[in-house]
Number of protein chains: 2
Amino acid sequence: MPRMQLTKTAITDTALSLADQHGYEAVTMANIARSLTIKPPSLYNHFKNLEEIKQAMAEAAQKQLYDTLKGTEQTSQPMLSLAKAYVNFASSNPGLYASSLPGGNGEYANALVRLVADALQAYKLENEKMIHAIRGFRSMLHGFVDLNTHAGFKLEVDLEASLEEVVGIFERGLQS
Amino acid sequence: MPRMQLTKTAITDTALSLADQHGYEAVTMANIARSLTIKPPSLYNHFKNLEEIKQAMAEAAQKQLYDTLKGTEQTSQPMLSLAKAYVNFASSNPGLYASSLPGGNGEYANALVRLVADALQAYKLENEKMIHAIRGFRSMLHGFVDLNTHAGFKLEVDLEASLEEVVGIFERGLQS
DNA sequence: ACTATAAACTAATACCATTAGTTAGGCAAG
DNA sequence: CTTGCCTAACTAATGGTATTAGTTTATAGT
């Protein structure tokens, strides 16, 4: 066999840098192949289809997001630190963040949930309440990012201030 | 001229029912034209391109969402009622909800923001704080819906219970 | 009835993902 | 060292997408 110069991770990395530099919609078989100086059908020797490539991208992008967020739980304000890092990652790398969304079940999807759980640790919530709180906080972060990138909060009120206030509301709500 | 049997709203409505019945990804020039028993290029006599059709869809879908949510502010628990109605609309009509997202600036986009503001009315927030709270609550609702339909909260913990708890956290946070 | 307008059409271009079938390079066995 | 197999790459083709150019034709107003 011709030496497998082309690995799954090489394809995934190329697709990710495509998403990062030219947006998630630029992730096409044709563009990936062009970047690798091969023809599109060759990609099918390594992945079943585009969807499978996007799954692999999601896993890798989630790892990047995880690595960026890791450590924020050891600060004085874990939830605020996590929120700021999360929003900053998504705003700075919209293509990467978009890549991370499709996969909901991999190794790093769980790791990200654990990271949110760690940030909520101080509030000593019981099982069910913890799950509700995780869902709520994660929803808030994703919604904040998603509304902002797709629709955009129109008013010229500072985004950072909104995030701080909103995390404050959530934290006070957990306390009482 | 051949009688304009085909109006902008007729096209928009057809596209919306396509999104509702077969998903937002089924909204293509070919499918819209097929539903109307015309050929795709004819659509360009009424809209500049597909994006413009989707903008019109967003406006109409936002109106439907607004009409569904209107009235919830006159209940005993406006925020919870609004949240439940919002999540219910999005889960029951995912194609319609997806259609509503692209447009961030129309008449009904503002009406929806006012609806959220009304639900927060009881907390008597000042200007800036009100805007932060609106953004936070809207983010939570959209994030909740979006994570659920695209990734899906995996654990078999009741969604309705999560929503109630999460709205409760937010309300308590506003109080203190 | 005639003409101008515009809504529909056909045909074409340039993308997209995907599949079938072919070529050719390198590894392993003889 | 040669032979043969495996497989990664290719070419060619299919059918999908949006969009544009140019043409036909029906109708509304004069």
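So you know, we letter chains A, B, ... as the sequences are listed, proteins then strands, and number each from 1.
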Q. For B:L69, does its backbone N or O pair with a side-chain atom of B:T72 as donor and acceptor, under 3.5 Å?
A. yes

(Q) Once hydrogens and angles are ignored, does a donor-acceptor distance under 3.5 Å link the base of C:dA6 to the side chain of B:N45? (A) no

Q) Given atom CG of A:L6 and atom C1' of C:dG25, what is their separation to the nearest angstrom? A) 15 Å

Q) Parallel, tilted or perpendicular: which fits the ring planes of B:Y86 and B:Y97, with parallel below 30° and perpendicular above 60°? A) perpendicular

(Q) So if I take every side-chain heavy atom of A:L50 and compare against C:dA8, D:dA18, C:dA17, which nucleotide ends up nearest? (A) C:dA17

Q: Decide ring-ring contact (aromatic ring centres under 6.0 Å, His included) for A:F170 and A:F137; before the verdict, give the C-alpha distance in whole Å, the side-chain angles of both, and the deciding distance to 0.1 Å.
A: CA-CA 8 Å; A:F170 200 89; A:F137 196 55; 5.4 Å; yes

Using the 3.5 Å cut-off, write out each protein N or O paired with an N or O of nucleotides 20-22 of chain C and the distance between them.
none

Q.
What is the distance, to the nearest angstrom, from the CD atom on A:E51 to the P atom on C:dC16?
A. 19 Å

Only pairs under 3.5 Å count here: list side-chain donor-acceptor contacts from residues 105-131 of chain B, not counting sequence neighbours, and write none if there are none.
| residue | atom | partner | partner atom | Å |
| --- | --- | --- | --- | --- |
| B:N110 | OD1 | A:K154 | NZ | 3.3 |
| B:N110 | ND2 | B:G106 | O | 3.4 |
| B:Y123 | OH | B:E171 | OE1 | 2.6 |

Q) Between B:E164 and A:R135, is there a side-chain N and carboxylate O pair less than 4.0 Å apart? A) no

Q | Nearest heavy-atom neighbours spanning A:A83 and A:V167 | A | CB-CG2, 3.6 Å

Q | Spacing of A:T12 atom OG1 and A:M57 atom CE [to the nearest 0.5 Å] | A | 8.0 Å

Q: Please assess B:S81 against B:T75 for the test side chain to side chain donor-acceptor pair (under 3.5 Å), listing each intermediate value before the final yes or no.
A: CA-CA 7 Å; B:S81 300; B:T75 59; 2.8 Å; yes

Q) Which residues within residues 9-33 of chain B lie with some heavy atom under 4.0 Å of an atom in DNA chain D? A) B:T28, B:M29, B:A30

Q. Given D:dA8, is OP1 or OP2 found less than 4.0 Å from the side-chain N or O atoms of A:S42?
A. no

Q) If you take all heavy atoms of A:D146 and B:H142, which pair is closest and at what distance? A) OD2-NE2, 2.7 Å

Q | Whole angstrom value for the distance that separates P of C:dA7 from CG of B:L43 | A | 12 Å

**Q.** Shortest side-chain distance from A:H46, nucleotide among C:dT19, D:dT19, D:dA8
**A.** D:dA8

Q. Can you name the residues that form a side-chain hydrogen bond (donor to acceptor under 3.5 Å, both in side chains) with B:T9, not counting sequence neighbours?
A. B:T7

Q: Could you tell me the separation between the OG atom of A:S91 and the CG atom of A:L159, rounded to the nearest 0.5 Å?
A: 7.5 Å

All N/O donor-acceptor pairs, side-chain side in residues 31-39 of chain A, below 3.5 Å, sequence neighbours left out:
| residue | atom | partner | partner atom | Å |
| --- | --- | --- | --- | --- |
| A:N31 | OD1 | A:R34 | NH2 | 3.0 |
| A:N31 | ND2 | A:A26 | O | 2.9 |
| A:N31 | ND2 | A:T28 | OG1 | 3.4 |
| A:S35 | OG | A:N31 | O | 3.0 |

Q: For B:F47 and D:dT19, give me the distance from atom CZ to atom P, rounded to whole Å.
A: 13 Å

Q) Just how far, in rounded Å, is P of C:dA17 from CG of A:N49? A) 11 Å

Q: Rounded off to whole Å, could you give me the CD1-to-C1' distance for the B:I53 and D:dT19 pair?
A: 12 Å

Q) What is the bend of the helix from C:dA1-D:dT30 to C:dG30-D:dC1 when you compare the axis at one end with the axis at the other, using five pairs each and rounding to 10°? A) 10°

Q) What nucleotide among C:dT18, D:dT11, C:dA8 has an atom nearest to a side-chain atom of A:K39? A) D:dT11

Q. To the nearest angstrom, how far is A:L36 atom CG from D:dA8 atom P?
A. 15 Å

